[in-house]
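Naming convention: chains lettered A, B, ... in sequence-line order (proteins, then strands); numbering from 1 in each chain.
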Amino acid sequence: MTEMAKTYDPRQAEAKWYDYWLEGGYFKAGEKGDKEPYTIVIPPPNVTGNLHIGHALNNTLQDILIRFKRMQGYDALWLPGMDHAGIATQACVEAKLREEGISRHELGREKFLEVVWQWKDEYAQNIASQWRKMGLSLDYSRERFTLDEGLSDAVKEVFVRLYDEGLIYRGKYIINWDPVARTALSDIEVIHKEVQGALYHIKYPLADGSGFIQIATTRPETMLGDTAVAVHPEDERYQGMIGKEVILPLTGRKIPIIADDYVDMEFGSGAVKITPAHDPNDFEVGNRHQLSQILVMDELGKMNEKAGKYQGMDRFDCRKQIVKDLEAEGFLVKVEEHVHAVGHSERSGAVVEPYLSTQWFVAMKPLTERAIRAQKNGEGVRFVPERFEKIYLNWIENVRDWCISRQLWWGHRIPAWYCGECGEMTVAREEPAECPHCGNNRLKQDEDVLDTWFSSVLWPFSTLGWPEQTRDLKRYFPTDVLVTGYDIIYFWVARMIFMALKFTDEIPFKDVLMTGLVRDAEGRKMSKSLGNGIDPMDVIDKYGADAMRYMLSTGCTPGNDQRFRFERVEAARNFANKIWNASRFALMHLEGTSEKDLRLKGPFSTADQWILHRLNETVRDVTRLLDRYDFGEAGRILHNFIWDEFCDWYIEFAKLPLYGEEEEPKRVTRSVLVHVLDQLLRLLHPTMPFITEEIWQHLPVKGKSIAIASWPEANDEFASPRAVKEMRTLIEIIRAMRNIRAEMDVAPKRQIELLIRSDQDVIGSISDHEAVIRKLCGVNRLTVDTDLKRPEKSVAAVVTGAELFLPLSGLVDIRETVSRLKAELKKLDAEVERVRKKLANPGFVSKAPAHVVENERKKGEEYKEKRDKVIARLKEIEG
RNA sequence: GGGCAGUUAGCUCAGGGGGAGAGCGCUUCCUUGACACGGAAGAGGUCGUUGGUUCGAUUCCAAUACUGCCCACCA
């Protein structure tokens, strides 16, 4: 195979095979015969930018599963798509426009959306090309976008149905307001950060002049909107004050002192200011006591006209000024340092303002109940790892109503229309021709759009055609597994489950496989501000897609974070190269052979039987591990099999027949070589698709692509414990020999003499492999017998089933042999003693399982036998 | 304030009731006819601490320490 370069070049292979796969249509799912469907929908990446290393991990795992199942004979569908990512995308585009000095308001809604669509097209193309580079076996014929027509229909359908059932409502409540993005947010889009702030203690004078009541607040600027002061109804300190009025400092407004058991008597002075328009608790207190709501800020977080002389000030400047003024007027009692959690916008980073506003909400309780019940009955989703189930349940059991309206332009516009005439609202799938209430046609659609997640949570069924009962929906839904990060359990996973239950009566996926974060080499989260992000495309360019995929998929266990270290990518690249070269070796020896000659057929040598036995075990293990989502262990097992067993031992053994004169052993070895190679390539293909295809295409096997080749099956015909035992002895002999040579500084090229005293039961296999021993140990004269005397002046070693003697005239250092044997003896003594103690323990013998005891006995025998030989050698030498 | 992870070789991490593993790094030797992105031989760990369960614990349980993460409307 002269055309195969000495080192594997990922670039040329990767450029070639992706197109080949697409042209062959191998990724396209379809009702092929009676194949069972296996479905994954991709977590749609945001069209805001490029894919990051987290996507690479997540997508690699899905591709491994899909390719694995496809090879196993399933009708495997991996459905691709992208998310319009409302706030994120709009923010990016707005930022870009701002650089050009344009605001979205100047452009107007329609023009602005045109710009966003252009942006989307550009990035969607980008993402698609990144999918290609990673080698993902996506079915592009089914690609979807959250804003495409079908998905928009699904969104409208869901909205209208929930509205009609009263599960979507519009109302004026306290929501989380992002003054930078100028939109409402849901609770989970708010990130609470511990901040070193201050607790301001302020006294409000009683209107009747009888004194003061002292309150504490972390947000003094909101006092401008205070409409009461509340105390606990049972608080003895304030019994006389309830019902009285206080004069709100700086404004002179009179507000009542009310009693409400929301107040915690233990905290601060036990009296709390009530600002119904700027705090969710105060809002409820206000409702209970019919307090008015005074909004003192505008949408930008600046004080409004209700703030009097503070109008126009930024909220934080206002805070400083208020504190100053309070102090000047003698109302400020003290300022305490205070650590508390402050909400920040997930997107803009701005401090979120609890803000009274009219928004749309989804009533959660009626939707989540069923999901909770299903999960508790064991009919829910299986989380991998299991611990995430608790996190999911805890959230879904305590979640509050979901604020779904966003004051943005990019997204699904809320399907509600307001009549300019009668003022009535109409919610409908399509714009009504006239107002159903008054017949007028002056209808205006709600300006707001829906939370991005409102459409993404329909993803598993909307992408398959819902609300239409399409063939795809019937065939591929519910899906098999969802692979996603633990960071979006609330945003996405939980909501998908109850929405699917509501609208399809199904749990949308059987399993949820959680992935962790990919961190930098120091364990820090990758972030733009730290500049420590790693671009998967750079990794691919440098090391190849297969190396990256192998590294990512073996680098962690489900649900746990991993650190990205280039040494590990390098190791993966080296592994690819090892496979490449092992294949080159095999192919070199297959040249000129007919396909018939390569059919796997004995008589097999010990090494042949051993590698077939080990292959069989590897097939079984890898299959089982992939089914359990244990990618790391599967990868390690393959690595060990390929590198340590196939390359280091089998190939070395195989060189004898391959370079030998006899035709028959050559033929057999070739057939084993090509068989094992073919099978291991298949096992590796889901993880390393490009290199395996590249090599497989060189193999004289039938089949258009390894991507659709059948998955290997374990076959116990190949089980051969005898070969395993024989190989073990041979490997031990070879290792012992090499060890002696190294320790005695025998020049590598120097040929030496070896005498082996063998046990009866392995003499056959040792004799059969004399040539191998000679070759791998640099031995020119070899004697094997069950009974031979130790030559004078020789080095000795003991292995399982045999003793080795090396008459190294002139080189023999008795002390070396003695110290080596003594070290060996020490180890063996310890083992023998450990086993002896164990077997002497009546509890162990009577209570431990029989096979464990038996195993222990066998080990004990082996150790003793070996120890006795070592002792005998020592005696011999020392006289 | 609750909850969840992690603590194993110098580093990064697997593993799991009965003989401590990998990759990288380290030491020594080797350009041998697949591969120096390689081969060979080695060194290196009382598996965080303390108790408990068990014939047996690094593995299960309970405390504890440290690290990290998530959740929470106490001003």
Side-chain angles (χ1 to χ4, degrees), chain A residues 1 4 6-8 174 187 192 199-200 215-219 222 230 262-264 266-269 271-275 279-284 338 340-341 343 354 385 387-388 390-391 394-395 398 400 486-487 489-490 516-517 521 523 543 547 551 554-557 559-563 565-568 570-589 630 632-633 636 639-640 647-648 651-652 655 659 734-735 738-743 745 747-749 775-776 778 831 834-835 837-838 841-849 852-853 855-856 859 863:
Chain A
M1 288 287 124
M4 284 177 85
K6 220 169 154 181
T7 44
Y8 171 61
I174 297 278
D187 292 344
H192 293 273
L199 190 58
Y200 302 90
I215 58 95
T217 179
T218 52
R219 295 188 296 150
T222 63
Y262 146 71
V263 180
D264 177 2
E266 307 298 316
F267 192 91
S269 63
V272 56
K273 68 194 262 312
I274 299 295
T275 323
D279 184 280
N281 295 312
D282 294 6
F283 175 77
E284 281 171 27
H338 184 66
H340 62 136
R387 68 183 131 96
F388 289 102
K390 247 195 269 177
I391 294 174
N394 182 54
W395 184 77
N398 296 298
R400 295 191 299 164
Y486 60 67
D487 50 332
I489 292 179
Y490 309 141
L517 259 44
Y543 298 94
M551 176 268 173
T554 56
C556 62
T557 42
N560 288 333
D561 295 353
Q562 68 171 303
R563 294 189 195 199
R565 304 176 81 240
F566 278 99
E567 303 92 276
R568 287 189 36 238
E570 213 169 290
R573 192 264 326 258
N574 295 352
F575 178 43
N577 197 51
K578 188 73 181 179
I579 298 159
W580 180 254
N581 277 293
S583 306
R584 272 203 325 141
F585 171 82
L587 290 164
M588 203 169 81
H589 289 280
D630 207 336
E633 202 54 25
R636 254 166 260 125
H639 187 280
N640 171 62
C647 293
D648 288 352
I651 286 183
E652 291 311 316
K655 281 175 182 172
Y659 288 119
I734 294 161
R735 285 225 166 106
R738 286 167 168 173
N739 174 292
I740 291 167
R741 292 186 66 120
E743 294 202 342
D745 272 331
K749 281 188 178 145
K775 183 171 175 0
L776 297 184
E831 291 298 335
R834 191 183 54 74
V835 175
K837 263 190 179 162
K838 231 175 185 179
N841 180 350
F844 174 70
V845 181
S846 61
K847 291 190 181 173
V852 172
V853 178
N855 202 26
E856 218 53 43
K859 275 191 289 189
Y863 289 134

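- If you check every strand for non-hydrogen atoms under 4.0 Å, A:Phe388 touches nothing.
- The gap from the P atom of B:U7 to that of B:G48 amounts to 8 Å, rounded to the nearest Å.
- Of all nucleotides present, none satisfies the Watson-Crick or G-U wobble test against B:G44 with each distance under 3.5 Å.
- A:Lys578 has a side-chain polar atom (N or O) that falls below the 4.0 Å cut-off from OP1 or OP2 of B:G39.
- Between the side chain of A:Asn281 and the base of B:C73, at least one donor-acceptor pair of N or O atoms lies under 3.5 Å.
- To the nearest 0.5 angstrom, A:Arg735 atom CZ is 11.5 Å from A:Leu776 atom CG.
- Look at B:G51: its Watson-Crick or wobble partner, with both distances under 3.5 angstrom, is B:C61.
- Pair assignment for B:U31: none, as no Watson-Crick or G-U wobble contacts are both less than 3.5 Å.
- Nucleic acid contact class of A:Arg741 (heavy atoms, under 4.0 Å, all strands): none.
- Nucleic acid contact for A:Phe566: none, since no nucleic acid atom lies under 4.0 Å from a heavy atom of the residue.
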Q) What one-letter contact string describes nucleotides 8-17 of chain B from 5' to 3', where B marks a base within less than 4.0 Å of any protein heavy atom, S marks contact via sugar-phosphate atoms alone, and - marks no contact? A) ---SSSSS--
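- Of the C1' atoms belonging to B:G44 and B:G23, the separation is 15 Å, rounded to the nearest Å.
- With respect to the salt-bridge test (charged N to carboxylate O, under 4.0 angstrom), the residues A:Asp279 and A:Arg219 qualify.
- Base engagement by A:Ala582 is indicated by at least one non-hydrogen atom pair under 4.0 Å involving a base atom.
- Backbone-only engagement by A:Arg834 is indicated by non-hydrogen atom pairs under 4.0 Å involving sugar-phosphate atoms exclusively.
- For the P atom pair drawn from B:A36 and B:C11, the interatomic distance equals 32 Å after rounding to whole Å.
- Between A:Arg738 and A:Glu743 there is no salt bridge, since no side-chain nitrogen of the basic residue lies less than 4.0 Å from a carboxylate oxygen of the acidic one.
- For A:Pro849, the listed nucleotide lying nearest its side chain is B:G18; candidates were B:G18, B:C29, B:C55.
- Taking the nucleotide of RNA chain B with the nearest heavy atom to each of A:Lys749 and A:Glu567, the more 5' of the two is matched to A:Glu567.
- Here A:Pro280 lies out of heavy-atom contact (under 4.0 Å) with every strand.
- The phosphate of B:A72 has neither OP1 nor OP2 within less than 4.0 Å of any side-chain N or O from A:Asn398.
- The base of B:C4 has none of its N or O atoms less than 3.5 Å from a complementary donor or acceptor on the side chain of A:Arg387.
- Between B:A5 and B:C61, the distance separating the two P atoms is 10 Å to the nearest Å.
- Here the side chain of A:Asp187 pairs no donor or acceptor atom with the backbone of A:Arg400 at under 3.5 angstrom.
- At the heavy-atom level, A:Lys273 lies nowhere under 4.0 Å from the strands shown.
- B:G6 and B:G17 are spaced 15 Å apart, taking the P atom of each and rounding to whole Å.
- A donor and an acceptor atom, one from each side chain of A:Tyr543 and A:Asn574, are nowhere located under 3.5 Å apart.
- Picking from B:A75, B:C73, B:C24 the nucleotide with the shortest atom distance to the side chain of A:Arg400 gives B:C73.
- Using atom C1' as the reference point in both B:G33 and B:G38, the two lie 15 Å apart (nearest Å).
- Comparing the same atom, P, in B:A65 and in B:U50 gives a spacing of 15 Å after rounding to whole Å.
- Atoms CZ and CG, from A:Arg563 and A:Leu517 in turn, are 12.5 Å apart once rounded to the nearest 0.5 Å.
- The partner of B:C74 cannot be assigned: no Watson-Crick or G-U wobble pair with both contacts below 3.5 Å exists in any strand.
- Note on A:Asp487: nothing from the nucleic acid sits closer than 4.0 angstrom, heavy atoms only.
- Shown here, B:C37 forms no base pair; nothing in the strands shown gives a Watson-Crick or G-U wobble contact with both key distances under 3.5 Å.
- Look at the C1' atom in both B:A62 and B:C69: the space between them is 24 Å, to the nearest Å.
- Using a 4.0 Å heavy-atom distance criterion, A:Glu743 is classed as making no nucleic acid contact.
- As judged by a 4.0 angstrom heavy-atom cut-off over every strand, A:Asp264 is placed among the base-contacting residues.
- Using a 4.0 Å heavy-atom distance criterion, A:Lys847 is classed as a base contact.
- Using a 4.0 Å cut-off, some side-chain N or O of A:Lys390 falls inside it from OP1 or OP2 of B:C4.
- Atom CZ of A:Phe575 and atom CZ of A:Arg568 lie 14.0 Å apart (nearest 0.5 Å).
- With the nearest nucleotide of RNA chain B identified for both A:Tyr8 and A:Trp395, A:Tyr8 has the one nearer the 5' end.
- Across all strands shown, B:A9 has no partner, as no Watson-Crick or G-U wobble contact with both distances under 3.5 Å is found.
- The aromatic rings of A:Tyr8 and A:Trp580 sit tilted, their planes meeting at an angle between 30° and 60°.
- One distance of note links CD1 of A:Ile174 with CG of A:Asp282; it measures 8.0 Å at 0.5 Å rounding.
- Taking only side-chain atoms of A:Asn574, from C-beta outward, the nucleotide of B:C55, B:G38, B:C35 with the closest atom is B:G38.
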